[in-house]
Protein chains: 2
Amino acid sequence: MGKKTTIYDIAKKLNITAATVSRALNDNPRVSQATKELVVKTAAEMNYEQNRLALALKSGKSMNVGVIVPYINRNFFSTIIRGIEEELYPMGYHVIICQTHDEAKREKETVQNLLNAQVDGILMSLATDSEGEEHFKQVLKKNVPLIFFDRKKNVVGASSVCIDDFLGGFEATQHLIEQGCKRIAHLALNRSLDVYKNRFEGYRKALKKNGLEFNEQYIIELESDFEAGKEAAEKLMKLDPPPDAIFSATDHGALGAIKYIKSKGVKIPDQVCVVGFSNEPFTQFMEQSISSVDQSPLEMGKKAARVFLEQLEQKGKEKIVKEVVLTPKLEIRQSSLRNI
Amino acid sequence: MGKKTTIYDIAKKLNITAATVSRALNDNPRVSQATKELVVKTAAEMNYEQNRLALALKSGKSMNVGVIVPYINRNFFSTIIRGIEEELYPMGYHVIICQTHDEAKREKETVQNLLNAQVDGILMSLATDSEGEEHFKQVLKKNVPLIFFDRKKNVVGASSVCIDDFLGGFEATQHLIEQGCKRIAHLALNRSLDVYKNRFEGYRKALKKNGLEFNEQYIIELESDFEAGKEAAEKLMKLDPPPDAIFSATDHGALGAIKYIKSKGVKIPDQVCVVGFSNEPFTQFMEQSISSVDQSPLEMGKKAARVFLEQLEQKGKEKIVKEVVLTPKLEIRQSSLRNI
DNA sequence: TTGTAAGCGTTATCAC
DNA sequence: GTGATAACGCTTACAA
């Protein structure tokens, strides 16, 4: 009934041995055409299906990879996961997903769990407060490829796929300057993460290059959500003089800021230009669309998967670490485009 | 180096047998406190980690569940997955995700793959063109719990977690009628899927109940995307008389319709009221927010996971099939709220 | 309290 | 071309 048929069942039925059945099913050349056909036919009749678990135990390859992200339902991450899945599915791999809830503790735990589950690789994005690298070292010591995407950490032996956040921050700011903005504020996120730090540094670089003064008051560090963006904008607009542009390290921050600013009757982009980061779908849906830096998450996921596959091939040989850097693309929309 | 330590390694080191090590690690009462401590300590020193694969093969439980959706990066689905993961993580289960790309062929293939991988359960949402139920029967025959969420199929033995789409469609339409709308159009999706069929039926029921005429011309069947919504609105607005309200079975359809209608200078909600379905995040972000029917995907995912867990407990006993129906919640926003 | 041995479902290495 | 057997790492009767 609920019993699953094994190669032994087939063997017994045909009065041959399990080894032969296995060979026949794997199209081994050293088995006669006749038995091969017979076995295949019988297997089908008996509804036989290979037990990947047994195969995994035997071969040492589970054909599973673990993917760890802060939250699965953030469009950026789910799109990366989609990319990973689409690249790995044809190769017979399954994708196990885990969330850290952006907590270091969960991150460690999850890495451990995945190792126990014998995944063939781990692709992940750091938790904001990620600390230590002992758990990453564990992964590498077990010879399991470790690939960071987006939020990476420099761990010897680990690979990474990111965009050039510095460039993204630079171009966004440069664009604002070209619109005539002189007092550009920045909504930053936790700068212990490279991605956010780099966006910030790119912003600074653009200011410097254009001879604009860096004003500490114009920097607000916030959480990634909508409400935080509103509050930040409130603080900023009370300054004298208030900024005439905002470059937000996240789209949700930009959205919150825009909502607040508009509610005060201040015109966008005429009085304040705004650029976000991530190119979340909603940025283009808005009646007044929001400029944003695209991170090509689908490509990022696919690339990360490809790096994983490459690492596998080098198993045994000298491990080659890859550091892929994708190019961000600034999408200029209504929130920052002045008629000049 | 890359070698993983097994209980045999520990046993050898301590001059005891693997069985004892296993018992010690599992806190079996029939092993002396002394050895227990020694084993645990040594295991830690040797960086031992349990191989879940071996355990899985032995026990017949992989501690993995498979989740199948059309696309992972659709907010509705990724949020369901989040719910599933959060409910199952504490129980030690891992979630394997697969996409069908909304294709029947991939659906069958994927179900098969997951069975081979020996998942302990399958939670899924149908592909639009899903056909046959042989693959679902296979799952049940293997005694693997099968739980549909959202897009379900009535298969004997399978459970389901859905919202009451009929009610959702009914309430959305009723609301439009209460706003004074008389000629209500409906953007439908492929009605071979229950969810869309039910939304449509709910719409019809509301018309009927209020004595409004059902007009075939006001029904447009489309794909789920933005562009399709635009085209549909274009067709509708050319009718004489054009509709004074649109109930769309998807938010993207509603968005496209709104964009088109506004581009023609027609006022929303004054001349045309619009209600969508799914309560996608962007519906509330819009400057003119969009009314929509919430499906509580997080809750749906969690509930599906709980149904799975319940099914496990009943293993062996008579299988109890659950059909959970969640209540939709109409979020009334600016796109359909008139000042009356 | 601990050891022995079988078994989960495969595949690989020998033989014959 | 096919069969026997060991092995992957773990748990669990059954013995001792």
Side-chain angles (χ1 to χ4, degrees), chain A residues 2-40 42-43 46-64 92 115-120 142-144, chain B residues 2-40 42-43 46-64 92 115-120 142-144:
Chain A
K3 284 282 75 188
K4 319 187 175 177
T5 35
T6 73
I7 51 173
Y8 278 92
D9 301 326
I10 301 176
K12 197 179 293 173
K13 185 154 193 171
L14 296 180
N15 264 322
I16 54 179
T17 152
T20 307
V21 174
S22 171
R23 282 187 283 249
L25 292 173
N26 288 307
D27 207 23
N28 187 311
R30 314 190 316 190
V31 58
S32 80
Q33 199 55 35
T35 20
K36 224 176 244 180
E37 281 166 15
L38 191 60
V39 167
V40 170
T42 317
M46 300 177 73
N47 269 314
Y48 168 77
E49 279 147 35
Q50 194 190 43
N51 183 331
R52 282 180 39 148
L53 238 42
L55 181 54
L57 180 59
K58 178 77 170 106
S59 67
K61 328 229 89 283
S62 68
M63 296 306 277
N64 286 151
L115 283 181
N116 294 171
Q118 309 299 118
V119 292
D120 294 341
K142 296 232 151 87
N143 244 304
V144 173
Chain B
K3 283 284 74 188
K4 317 185 175 177
T5 36
T6 75
I7 51 174
Y8 280 92
D9 300 327
I10 301 176
K12 196 177 295 173
K13 185 154 193 169
L14 297 179
N15 264 321
I16 55 179
T17 150
T20 308
V21 175
S22 170
R23 282 187 281 250
L25 291 172
N26 288 308
D27 208 25
N28 187 312
R30 317 190 311 190
V31 58
S32 79
Q33 198 55 35
T35 20
K36 224 177 244 180
E37 281 165 14
L38 191 59
V39 166
V40 170
T42 316
M46 299 180 72
N47 271 312
Y48 169 77
E49 278 147 34
Q50 194 191 44
N51 183 331
R52 281 180 41 148
L53 238 43
L55 180 55
L57 181 59
K58 178 74 172 113
S59 67
K61 328 229 89 286
S62 67
M63 295 305 277
N64 287 150
L115 284 180
N116 293 171
Q118 309 298 119
V119 291
D120 295 341
K142 295 230 151 91
N143 245 302
V144 172

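Since the model is a prediction, treat every value here as computed from it, not as a measurement. Below, chain A is the first sequence line, B the second, and so on; all start at residue 1.
In this model, the phosphate group of C:dT2 is approached by a side-chain N or O of B:S32 to a distance below 4.0 Å at OP1 or OP2. A sub-4.0 Å separation between OP1 or OP2 of C:dT11 and a side-chain N or O of A:Q50 is present. One finds a side-chain N or O of A:Y48 lying less than 4.0 angstrom from the OP1 or OP2 phosphate oxygen of C:dT10.
Going from atom CG of B:D9 over to atom P of D:dG9 covers 8 Å, rounded to whole Å. Rounded to a whole Å, the NZ atom of B:K12 is 13 Å from the P atom of D:dC10. Between B:I7 atom CD1 and D:dC8 atom C1' the separation is 12 Å, expressed in whole Å. Atom CG of B:L25 is separated from atom P of C:dT2 by 13 Å (rounded to the nearest Å). Straight-line distance from the CD1 atom of B:I10 to the P atom of D:dT11: 11 Å, rounded to whole Å. As a whole-Å value, the separation of A:E37 CD from D:dG1 C1' is 15 Å. Distance, A:L14 CG to D:dG3 C1': 15 Å, rounded to whole Å. Spacing between atom CE of A:M46 and atom P of C:dG9 amounts to 13 Å, rounded to whole angstrom units.
Counting only residues at least two apart or in different chains, salt bridge (charged side-chain N to carboxylate O under 4.0 Å, His left out) contacts with residues 46-60 of chain A comprise A:E49-B:K142. Applying the salt bridge (charged side-chain N to carboxylate O under 4.0 Å, His left out) rule to pairs touching residues 13-35 of chain B yields B:D27-B:K36, sequence neighbours excluded.
Using five terminal pairs a side, the axes of the helix from C:dT1-D:dA16 to C:dC16-D:dG1 at its two ends make an angle of 50°, given in steps of 10 degrees.
The nucleotide whose nearest atom lies closest to any side-chain atom of B:I16 is, among C:dG3, C:dT10, D:dC10, C:dG3. Out of C:dT11, C:dG3, D:dC10, the shortest distance to the side chain of B:L55 is found at D:dC10. Ranking C:dG9, C:dG3, C:dT2 by closeness to the A:A54 side chain, first place goes to C:dG9. When each of D:dC10, D:dT2, C:dT2 is scored by its nearest atom to the side-chain atoms of A:V31, the top-ranked nucleotide is D:dT2.
How far CG of B:D9 is from CG of B:L14: 11.0 Å, rounded to the nearest 0.5 Å. Atom CD1 of residue A:I10 and atom OG1 of residue A:T20 lie 12.0 Å apart, to the nearest 0.5 angstrom.
Within the 4.0 angstrom heavy-atom criterion, no nucleotide atom of any strand lies near A:Q118. Residue-level contact check: A:T35 touches the backbone only, with heavy atoms under 4.0 Å from sugar-phosphate atoms and none from bases. Across all strands shown, A:N15 has heavy atoms under 4.0 Å from sugar-phosphate atoms exclusively, and none from any base. If you check every strand for non-hydrogen atoms under 4.0 Å, B:T6 touches sugar and phosphate atoms only. Looking at heavy-atom distances under 4.0 Å, A:L53 makes no contact with the nucleic acid at all.
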Can you pull every protein N or O that's under 3.5 Å from an N or O on nucleotides 12-14 of chain C?
{"residue": "C:dT13", "atom": "O4", "partner": "A:R23", "partner atom": "NH1", "Å": "3.3"}

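By the side-chain hydrogen bond (donor to acceptor under 3.5 Å, both in side chains) test, B:S32 is found to be paired with B:T35, residues two or more places apart in sequence or in another chain being considered. Here B:L55 pairs with B:Q50 under the side chain to side chain contact (heavy atoms under 4.5 Å, CB included) rule; sequence neighbours left out. Here B:N47 pairs with A:Q138 under the side-chain hydrogen bond (donor to acceptor under 3.5 Å, both in side chains) rule; sequence neighbours left out. For A:S59, the side chain to side chain contact (heavy atoms under 4.5 Å, CB included) partners at least two apart in sequence or on another chain are A:K61. Scored by the side chain to side chain contact (heavy atoms under 4.5 Å, CB included) test, A:N51 finds A:L53, A:A54, B:L57, B:Q118 as partners (sequence neighbours excluded).
Ranked by how close their nearest DNA chain C nucleotide is to the 5' end, B:K36 and B:L57 are led by B:K36.
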